[in-house]
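Worksheet: the structure to be examined is printed underneath.
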Amino acid sequence: MLPTSLVSSYQQYKNDTDSIAAWLASTAKSCGYSSDILPTNPVVKGTARLKDACQTPANPASVRKYIIKVKDFVPLAEFVASNRDVSVPHSLFTTLHRVVAARGGFGGKLAEKGAVTDEVSDAKHGYFVSVLEKVEEALKPRMKPGMTATPPVPSNDSSGADATDDFFNQFAALKVYEPSEDFLNAPDIERPKALESDDVAYEAEPFTSLEDLFIALTMLINDINKIRSRVEWIWTNYRDGLFDLVAAAVATNTAIDLVRNLMEDVVPMFKEHGGLWKVLNKFYFIQASLKGHRPDFPSNGPDDFNYDTYDVANGTYILTCRSLDAFTRVVQPGQVPLYKDGMFGYYDPRSDRASKTGYQKFEEDRVLLMTIFTEFMAVERGVAHYPVEDEFLRGIKELDKTKEVPFYLVFAAQIFLDIHYILREHATRAFATLQENLNFFHDEIDEHFKFHKDLKIDHWPASNDRMVRQMQLKMKWILKDPVYGVKIKAYQQLRQSVPASMEPNRILKMSPVLSGLMLYHFRAEVWDVGIAVANAWGSLTYSLHLYNALQSEKLMSRCWPDMDVVRTLLGESNFFVGDTPRRLVDYFKRFCLQMGTTAAAFTDKRRRNAALASRSGPRGIKDGAPVSCMFMDRYLRSTGQVDWTAEHVSRIVDLGLWEKEGSEDEGTLVLGQINDPEKLKQKLKARERNNSSKIARLPPEQLVKALLFALHGESLEFSFPYLAVHRTCWSLLRAVRKHCDPLLRQTFTAAYMERESELPFVVGYIFCAPVERKDMKLLLAASAAVDEFVRTEGRTAIHLLRGLDIPVVFESEET
């Protein structure tokens, strides 16, 4: 189920019906309407008794929850109305109207169109609406004084035609509507509530008729199609070079995850009406009829289907469901299915899809789905410990175990097709990006071990190096393609030759989402290692302390672009305790605080053989890429799903340190880091709040959009080559030490440093001299060394990123 901070039309409808039930039951109980299973109220003689109106949960130790049956709504309302002391809130009447407007006359309207069978057009279709009408009529005499008269409740006759047509048109159109700013900023809908003294949770009984299911499905598919439209928008902009691959992939998989949550409430209803395939098939027939096709429209393809209705089928997901259902019937237990290219024709991504007939479009669908289906089945049945799992692969695994097609798998498969039809011949670009990055990461790790061949530190154990080497081997394993190996083995077991057309890495070439999630996995891993190395050695932090001091004292003739980027991405708070120092005495104090040592450690007061650092150790880099890091458990550590909560939603909206500039419509949209100090302060404060006082209310597709922007905004930070920056910073400290060594020996004796791992303390000695000895010579000497080093090495990381097609552009601050 979605968190309460995410707004879906079906959840709003369900909340409305539950709130009506809760107010009726709670108010009636407070007035003496009793039941044997409501022990909090004694039985009062002469009062009505609530018989079977409430059912206790199976586990009495859990939160007490009672289901209020629809047939008891009117008796409850009449009993409440008989009590002259009751005043009915206006919110009850407005909620009644919303529910009736959502479904009033719906079943009858479908029957008029000849779109459904007798099961829906039965006279009972208006039962719930008539109940709500009677509830309102019963309670009107107890309307709060001064309340204006409410409009008549629409019913399933002509008096409710406008409300019915509104919903019916929505059912027929299934269009995507962009929520307005007024809606997004509107206060929460006011609903009637149970009395505060009543600690019981009440819910309306679940609706189970086919009419109820179609009402729910219409609302849900409208919400789902908004999400689908947002995903199409993401990949259109990815194709055009606007969005980062990882941001697009994580946002897309999150969108599918949200659809899975959206559908949880109606999944049991599918089973009661023959399963997903039968329900979607009926839903498709209704939609086709409403679009002008005859209810008995004939098939015009080699199978029993009319492909003139392809667009209708596409909007109701029936063809994708049909294809997946067909796959389950041909897959043999325990075997890896092998798809031979050309079995159902060939997919030509350079062809013009818009000019194709419905059946030709279906042929493209089938080839793509059959190919990727066999790839995913090879992972499920032959590859242990595959690093990442998207919702499509997750659904295939569920299908293989249960032999049933879940709706989120249908949606994931449809999104897979949509992405291909947007990218067409550019679909393999995602794998090319992944391959390029993995080769870069592999080379960076090699460079790291070369650099540290003879450079060790006590608190970086050999086990850490083994872990990094294992990560490097995993990269090689993925690029070699374990799935390809499984398929070769399957052909060998069948004693068949491997087709020449079968190429390695097909699964990643075909799935931009999986390629993007794989890139997230390794990018996150390398990011994590880079930050850990920088913290272990102190390379970035103390180089920045020195650079900041030299800049503040105007002793630098040039800037250090790599460090300027690091400083901007990670923020001053990751490097300085308190405010950024701007005076000689503060450089030294802040350095000591960050290092976790005292000023005495750098003076003559230092005890012989005393440790330079405290036992607690130096402060390291902690905060970074907050939104990207939310997904580490799922895509890096494989510990499970992201179970969305209101706090997750608030975090995405509040913590992204980026803001939009330009216009989406005009194609000028860019994401800029927040520079306004007040805005930035407000954003950073949000990181420290465990509970937001006002959780954002967003439709699911708007969350996907917000997530996409946050992830893209963090993409530079998350892909920055911190291992390379570590090597550069350590090399700078070496250069500073070498240049300043004569002065350091003269001022602090030859014992100022015993081994190279203490190199960051050289910065402390440089800061100490002007404060404790009133001597600026060390700081001036350091400035010469840093200036010369930065002249040749100051853009190392930026150049590496440029090789990955991640340009870093500095915007001039001159106005």
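This structure is a prediction, so every number in the text was calculated from the model and none was measured.
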(Q) Assess whether a salt bridge exists between E701 and R230, defined as any Lys/Arg side-chain N lying under 4.0 Å from an Asp/Glu carboxylate O. (A) yes

**Q.** Lys/Arg-Asp/Glu bridge criterion (N-O < 4.0 Å) met for R394, E391
**A.** yes

Q | Salt-bridge present (K401, E380; N to O < 4.0 Å) | A | yes

Q: Run the numbers on W233 and F243 for ring-ring contact (aromatic ring centres under 6.0 Å, His included), then give the verdict.
A: CA-CA 11 Å; W233 172 84; F243 293 139; 5.4 Å; yes

Q.
Check this for me, if you would: do R329 and D325 make a salt bridge, where the nitrogen-to-carboxylate-oxygen distance has to be below 4.0 angstrom?
A. yes

Q: Output yes when a side-chain donor or acceptor of N15 lies under 3.5 Å from a complementary backbone atom of Q11, and no otherwise.
A: yes

Q. Would you find more than 12 non-hydrogen atoms of other residues, nucleotides or ligands less than 6.0 Å from K356 atom NZ?
A. yes

Q. Which atom names give the shortest non-hydrogen contact between T17 and A204, and what distance separates them?
A. O-CB, 3.8 Å

Q) Is the charged tip of R366 near the ring of Y347: under 6.0 Å from the six-membered ring centre and within 45° of its axis? A) no

Q) Looking at CG of L217 and OH of Y10, how far apart are the two atoms once the value is rounded to the nearest 0.5 Å? A) 10.0 Å

Q | Side-chain donor-acceptor contact under 3.5 Å, S351 with R424 | A | yes

Q: Look up atom CZ in F376 and atom CZ in R381, then write down how far apart they are to the nearest 0.5 Å.
A: 15.0 Å

Q | Full working for side-chain hydrogen bond (donor to acceptor under 3.5 Å, both in side chains) between D418 and Q414 | A | CA-CA 6 Å; D418 291 346; Q414 187 61 60; 3.2 Å; yes

Q: Examine Y307 together with F305 and report whether their ring centres are nearer than 6.0 Å.
A: yes

Q) Applying salt bridge (charged side-chain N to carboxylate O under 4.0 Å, His left out), which residue pairs with at least one partner in residues 505-514 are found, sequence neighbours left out? A) D341-R506, E503-K509

Q.
So, taking the atom named CD in E363 and the one named CZ in F344, what distance separates them when rounded to the nearest 0.5 Å?
A. 10.5 Å

(Q) Can you confirm whether or not the ring centre of F362 sits under 6.0 Å from the ring centre of Y310? (A) no

**Q.** Validation row: Y317, I224 side chains within 4.5 angstrom (heavy atoms)
**A.** yes

Q: To the nearest 0.5 angstrom, please state how far the CZ atom of F392 sits from the CG atom of L409.
A: 6.0 Å

Q) With sequence neighbours excluded, what pairs up with E272 under the side-chain contact (heavy atoms from CB on, under 4.5 Å) test? A) T208

Q. Under 4.5 Å between any side-chain heavy atoms of M377 and V331, yes or no?
A. yes

Q. Is a side-chain donor or acceptor of T254 paired with a backbone partner of V250 at a separation under 3.5 angstrom?
A. yes

Q.
Applying salt bridge (charged side-chain N to carboxylate O under 4.0 Å, His left out) as the test, list every pair that has at least one member in residues 235-251; sequence neighbours left out.
A. D244-R523

Q. In this structure, are over 12 heavy atoms from other groups packed under 6.0 Å from K403 atom NZ?
A. yes

Q. Under a 4.0 Å N-O cut-off, is there an ion pair linking D365 with R353?
A. yes

Q) Can E389 and K397 be counted as an ion pair, charged N to O under 4.0 angstrom? A) yes

Q: State which residue, out of T309, T316, N314, fulfils the side-chain hydrogen bond (donor to acceptor under 3.5 Å, both in side chains) condition with Y284.
A: T309

**Q.** CD-CG distance between E364 and D348, expressed to the nearest 0.5 angstrom
**A.** 8.0 Å

Q: Go through the side-chain N and O atoms of S19 and D16 and say whether any donor and acceptor fall under 3.5 Å apart.
A: no

Q | Whether D390 side chain and L393 backbone form a donor-acceptor pair below 3.5 Å | A | yes

Q. To the nearest 0.5 Å, how far apart are CZ in F270 and CG in L280?
A. 5.5 Å

Q.
Between F373 and Y339 (judged by ring centroids, cut-off 6.0 Å), do the two rings come close enough to count as a pair?
A. no

